[in-house]
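Input: a single structure, listed below in structure tokens.
Letters A, B, ... are given to chains in the order of the sequence lines, protein chains preceding strands, and every chain is numbered from 1. Since we're looking at a predicted model, the values are computed, not measured.
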Number of protein chains: 2
Amino acid sequence: MAAQGVTPRSEDYARWYTDVVKMADLAENAPVRGCMIIKPYGYELWENIKNALDSRFKATGHRNAYFPLLIPMGFIEKEAEHVEGFAPELAVVTHGGGKELEEPLVVRPTSETVIGHAFSDWIQSYRDLPLLINQWCNIVRWEKRPRLFLRTTEFLWQEGHTAHATKEEAIEETLRMLDVYADMAINECAIPVIKGLKSQQEKFAGAVDSYSIEGMMGNSWALQSGTSHFLGENFAKAFGIQYLDEENELQYAWTTSWGVSTRMVGGVIMAHGDDQGLRLPPRIAPIQVVITPIWKTAEDEELVFRNAKQVENLLREVGVRVHLDSREGLSPGFKFNDWEMRGVPVRLEIGPRDVESQSVMAARRDVPGKDGKQAIPVDGLATQIPALLDDIQQSMLDAATAFRDARLHEAATYDELKEQVADGWSLIWHCGTPECEDRIKEETKASSRCFPLELNEEWNPAGQKCVVCGKPAFGKAWFARAY
Amino acid sequence: MAAQGVTPRSEDYARWYTDVVKMADLAENAPVRGCMIIKPYGYELWENIKNALDSRFKATGHRNAYFPLLIPMGFIEKEAEHVEGFAPELAVVTHGGGKELEEPLVVRPTSETVIGHAFSDWIQSYRDLPLLINQWCNIVRWEKRPRLFLRTTEFLWQEGHTAHATKEEAIEETLRMLDVYADMAINECAIPVIKGLKSQQEKFAGAVDSYSIEGMMGNSWALQSGTSHFLGENFAKAFGIQYLDEENELQYAWTTSWGVSTRMVGGVIMAHGDDQGLRLPPRIAPIQVVITPIWKTAEDEELVFRNAKQVENLLREVGVRVHLDSREGLSPGFKFNDWEMRGVPVRLEIGPRDVESQSVMAARRDVPGKDGKQAIPVDGLATQIPALLDDIQQSMLDAATAFRDARLHEAATYDELKEQVADGWSLIWHCGTPECEDRIKEETKASSRCFPLELNEEWNPAGQKCVVCGKPAFGKAWFARAY
């Protein structure tokens with residue numbers, strides 16, 4: 001039975017998602033259509049994802065900086081594919097300081113252009129390379145069919161921008177950051193994403209090649225959860241990013257860009273949530289452990305709260321993000337449901353009997369009912385709770401991986417693909433042409449997700465033909481319904 | 001003698017500021033006039049200020065959230081004083097997604113309106129209060145006379161927004177956050193700010209009362225470095241923020257807002273910088289210790305670098321933000337000047353002789369020449385460097401306080417005020433009326449900074465008259481030239 005106010009997933013997955021975002025207090029629609037308000041609990045989840053990424057960026061030698069929100073319209077037009085891709089989504093500032101502007105300004109839809117402009121000034125010689133920059137900021141892309149976290153007109157993200165002396169180094173960086181994203185998704189968000197190359201039609205507007213991590217959601221649809229782009233010399237040529245090499249010759253730099261956004265929060269909700277609400281991996285959960293005191297008499301209340309407070313302090317000291325639910329006038333049952341909805345990984349119940357036996361009752365969010373419950377002695381909490389959180393993190397990843405693997409199929413014919421994408425992903429030998437992709441999408445609603453790196457030893461392998469159109473295959477590609 | 005490329009402060013303070021921002025690689029102008037690019041070193045400085053604030057906000061019970069960048073024009077118009085104050089500074093989006101919008105959208109100049117709208121929904125009963133929210137974001141206010149960090153069309157900041165059941169609680173919160181700001185400025189940025197009440201003319205558009213922290217810069221001018229506003233019921237009435245009290249009666253909430261921006265970075269530059277460049281307080285310095293290896297022969301180079309690397313690891317392990325300058329082809333003298341320009345608090349020199357004697361030569365940025373130098377044995381670094389950084393932090397605060405105190409004067413006549421504001425701040429009994437403020441500003445260029453809380457025991461004290469106009473005094477006010 002689904003929690004009150006939540007549509008069961010099996011009934012209507014889209015409504016389930018909207019219900020959970022609302023009931024778990026993560027976000028809501030803003031007054032301006034397509035924009036969102038990220039509420040504290042949702043923002044704290046994003047902060048944890050953000051911190052997990054930021055430390056990985058710094059460990060790989062990147063430095064944060066900040067570039068302006070407002071970009072001259074002329075900048076966007078300098079890279080031909082770029083403007084074609086982004087023009088329909090732009091928000092345009094035409095008035096500032098009480099006057100009409102001479103040149104309209106664009107609210108950044110991404111920052112390749114303005115950062116390219118800066119890089120052309122910052123980079124003079126090979127000694128200035130590689131230049132490894134990241135920016136945390138907000139982005140605006142007009143969205144016709146908005147959904148909280150997944151597709152919003154304004155969203156938060158990071159965008160990495162790097163410049164390199166050689167093509168090889170730039171490709172290496174593109175793949176390194178794809179690995180960083182996969183590491184974050186797998187080990188922090190417990191989502192076993194698949195790394196792959198996007199098709200030419202699905203790549204970033206202005207890139208030579210785009211790579212993505214693709215996660216499987218609870219309805220078996222795919223979510224592109226992060227992208228890393230090899231931009232070749234495209235933006236270097238559009239913005240004049242040139243350097244003197246060791247032989248004192250002028251060369252164009254090779255650039256990359258890569259981004260992960262608040263969309264990732266939507267991925268966490270859909271990869272793990274159930275009919276009782278959110279289920280959060282401990283490493284990114286704003287609250288890892290919630291303590292719910294249980295009492296009947298005033299005497300018990302004092303006793304139970306004194307103990308609950310001690311347990312709270314004890315756990316906080318060992319670095320656990322713990323919250324004591326001291327709300328009055330709410331039954332334990334109401335509180336249990338409320339914290340289940342919010343996906344807190346561990347609930348500790350403390351009643352008079354637990355105080356007497358110097359133990360607490362721990363309930364796992366990821367294992368329903370009695371199987372997920374165990375009594376833990378108070379003097380063992382400092383070691384057993386962190387271990388329990390680690391175990392939950394691993395179990396959630398294992399469960400998501402098992403769920404995914406059961407829905408990954410390989411198709412030798414187009415008919416097989418059609419069947420497989422009804423409730424899973426289908427891997428086929430594929431030509432990678434837009435025409436063939438469009439046909440598959442129209443006929444099956446499944447889109448090309450990526451050419452997975454692990455399953456493709458070489459591109460354009462001799463003798464392999466596209467399962468759908470019979471043209472020479474570029475490689476093996478995953479097809480799936482997607483957000 | 002000033003560093004190369006830097007105008008001496010005594011010659012032209014404004015040019016000195018611009019030179020240092022550029023030479024220390026902190027920021028530069030963006031393609032759009034009035035906007036800025038914050039370069040990595042400047043952004044890391046901001047990140048440290050940000051972290052120092054964020055931990056204080058969380059410790060005082062506030063939670064971060066995120067509200068939209070784009071606000072319907074109609075929202076801004078709901079609070080009469082608010083729209084009057086902000087209308088001339090707005091950037092307006094008139095087109096989105098390829099179409100002209102039905103209602104123009106404003107790029108947020110501050111978020112009282114859109115947050116007020118959300119609060120009216122979030123707050124239903126007294127149980128929902130107090131509501132303590134903070135947001136980290138970017139802001140756009142059209143700026144006619146931009147200066148990097150100090151006044152830019154786009155800037156980064158945090159804005160706190162809280163709602164309370166009573167007037168008293170809201171005022172208490174306003175003053176609590178003013179204290180948090182002062183604590184951050186004094187103990188992190190080593191700027192001995194003065195807390196005070198802004199005059200009615202200088203308050204935030206829409207506030208009942210505004211408070212600020214005011215710091216003294218190196219040319220004795222004042223910089224408003226943070227503000228905290230008691231908004232009364234103004235925004236609650238404009239946006240319908242109401243709650244049912246314990247007697248089940250509908251009441252308006254009392255709200256506050258408070259902000260600190262990237263302007264604070266400008267304050268740090270001007271409060272501490274000298275003709276050699278930046279001087280950064282250790283607690284917010286991106287790099288606290290820089291190691292410059294010195295060698296002549298290849299044999300020495302290897303020896304010196306091995307030792308320098310050991311010292312780097314040793315300091316990193318005890319939590320010091322340390323950087324080893326391993327750039328090739330640059331003389332030690334060049335490197336010394338470069339790190340002086342960037343204001344790194346401690347430079348460690350390691351040459352062959354130091355390796356032999358198992359010591360390093362430490363030079364303080366805040367004490368020039370031989371007085372600031374001392375040899376420290378390698379096996380004492382782990383304790384002595386953190387202690388040295390603490391000492392520098394305190395010395396910088398002491399020096400800034402002594403500098404300030406020597407320039408704080410009290411005036412009994414208007415003539416005295418005129419003399420005092422030429423190179424300092426002047427405290428007078430003041431009426432607080434806009435007419436009198438305007439006259440003083442026109443005649444002396446000094447503006448009303450604040451009515452300092454520490455020096456005013458009561459407002460409208462009996463028998464005291466304004467030193468300038470003779471009307472009854474509201475209190476003692478600081479007047480000074482200001483940014």
Side-chain angles (χ1 to χ4, degrees), chain A residues 27-28 30-32 34-44 46-47 63-72 75 87-99 101 103-105 107 114-115 117-118 121-122 127 133 135 137-138 140-144 152-154 156 262 327 329, chain B residues 27-28 30-32 34-44 46-47 63-72 75 87-99 101 103-105 107 114-115 117-118 121-122 127 133 135 137-138 140-144 152-154 156 262 327 329:
Chain A
E28 63 187 31
V32 172
C35 296
M36 70 173 158
I37 294 171
I38 308 179
K39 300 184 81 172
Y41 196 57
Y43 194 81
E44 284 154 7
W46 170 241
E47 275 184 312
R63 298 178 75 186
N64 288 332
Y66 188 78
F67 298 84
L69 172 75
L70 302 175
I71 300 176
F75 274 40
E89 300 177 2
L90 297 176
V92 185
V93 174
T94 55
H95 292 71
K99 287 183 186 165
L101 303 175
E103 183 185 7
L105 302 176
V107 182
V114 70
I115 293 179
H117 176 80
D121 184 41
W122 297 3
R127 287 193 195 84
I133 299 291
Q135 159 166 275
C137 67
N138 54 344
V140 172
R141 297 178 186 172
W142 220 259
E143 184 57 64
K144 284 179 186 144
T152 47
T153 288
E154 184 193 13
L156 303 181
T262 35
R327 288 179 291 178
Chain B
E28 64 188 30
V32 172
C35 295
M36 69 173 158
I37 294 171
I38 307 179
K39 300 184 82 173
Y41 196 58
Y43 194 82
E44 285 154 7
W46 170 241
E47 276 184 311
R63 298 178 74 186
N64 288 333
Y66 188 77
F67 297 85
L69 172 75
L70 302 175
I71 300 176
F75 274 40
E89 302 177 4
L90 297 177
V92 185
V93 174
T94 55
H95 292 72
K99 289 185 186 165
L101 303 175
E103 184 186 8
L105 302 176
V107 182
V114 70
I115 293 180
H117 176 81
D121 183 41
W122 297 2
R127 287 193 195 87
I133 298 292
Q135 158 166 275
C137 67
N138 55 344
V140 172
R141 297 177 186 172
W142 220 258
E143 183 58 64
K144 283 180 187 143
T152 46
T153 288
E154 184 193 11
L156 304 182
T262 35
R327 288 179 291 178

Check your understanding: Among Cys35(B), Cys137(B), Pro40(B), Gly34(B), which has the most heavy-atom pairs under 4.5 Å with chain A?
Key -> Pro40(B)

Check your understanding: Excluding sequence neighbours, so at least two apart, what forms side-chain hydrogen bond (donor to acceptor under 3.5 Å, both in side chains) with Glu44(A)?
Key -> Arg63(B)

**Study point:** Residue among Leu70(B), Thr94(B), Val114(B), Thr153(B) with most heavy-atom pairs under 4.5 Å to chain A
**Key:** Thr94(B)

Review point. What part of Trp46(B) lies closer than 4.5 angstrom to a heavy atom of chain A: side chain, backbone, both or neither?
Key: neither

Check your understanding: Quick one: what part of Leu105(B) sits under 4.5 Å from any heavy atom of chain A, side chain, backbone, both or neither?
Key -> side chain

Study note, to complete from the structure: Smallest heavy-atom separation, Glu28(B) atom then Ala118(A) atom, equals OE2-CB, 4.4 Å

Review point. Of all residues at least two apart in sequence or in a different chain, which pass the salt bridge (Lys or Arg N to Asp or Glu O under 4.0 Å) check with Glu89(B)?
Key: none

Review point. Are more than 12 heavy atoms from other residues, nucleotides or ligands located less than 6.0 Å from atom CZ of Arg127(A)?
Key: no

Check your understanding: Where on Pro88(B) is there a heavy atom nearer than 4.5 Å to chain A: the side chain, the backbone, both, or neither?
Key -> backbone

**Study point:** Heavy-atom contact with chain A under 4.5 Å, split by part of Gln135(B)
**Key:** neither

Check your understanding: Looking at Ile115(B), Thr262(B), Leu156(B), Ile71(B), which makes the most heavy-atom pairs under 4.5 Å with chain A?
Key -> Leu156(B)

Check your understanding: Any side-chain heavy atom of Tyr43(A) sitting closer than 4.5 Å to one from Ile133(B)?
Key -> no

**Study point:** Under 4.5 Å from any heavy atom of chain A - which part of Glu103(B)
**Key:** neither

Revision key, fill the gap. Closest heavy-atom pair, Leu69(A) versus Glu154(B), reported as atoms and distance to 0.1 Å, is N-OE1, 2.9 Å

**Study point:** chain A contact via Tyr41(B) - side chain, backbone, both or neither, heavy atoms under 4.5 Å
**Key:** both

Point to revise | Residue selection (most heavy-atom pairs with chain A, distance under 4.5 Å) from Leu90(B), Asp121(B), Thr152(B), Ile38(B) | key: Ile38(B)

Practice item. Give the minimum heavy-atom separation between Ala65(A) and Lys39(B), together with the two atoms involved. Key: CB-C, 4.2 Å

Check your understanding: Heavy-atom distance under 4.5 Å between the side chains of Phe75(B) and Val32(A), does that happen here?
Key -> no

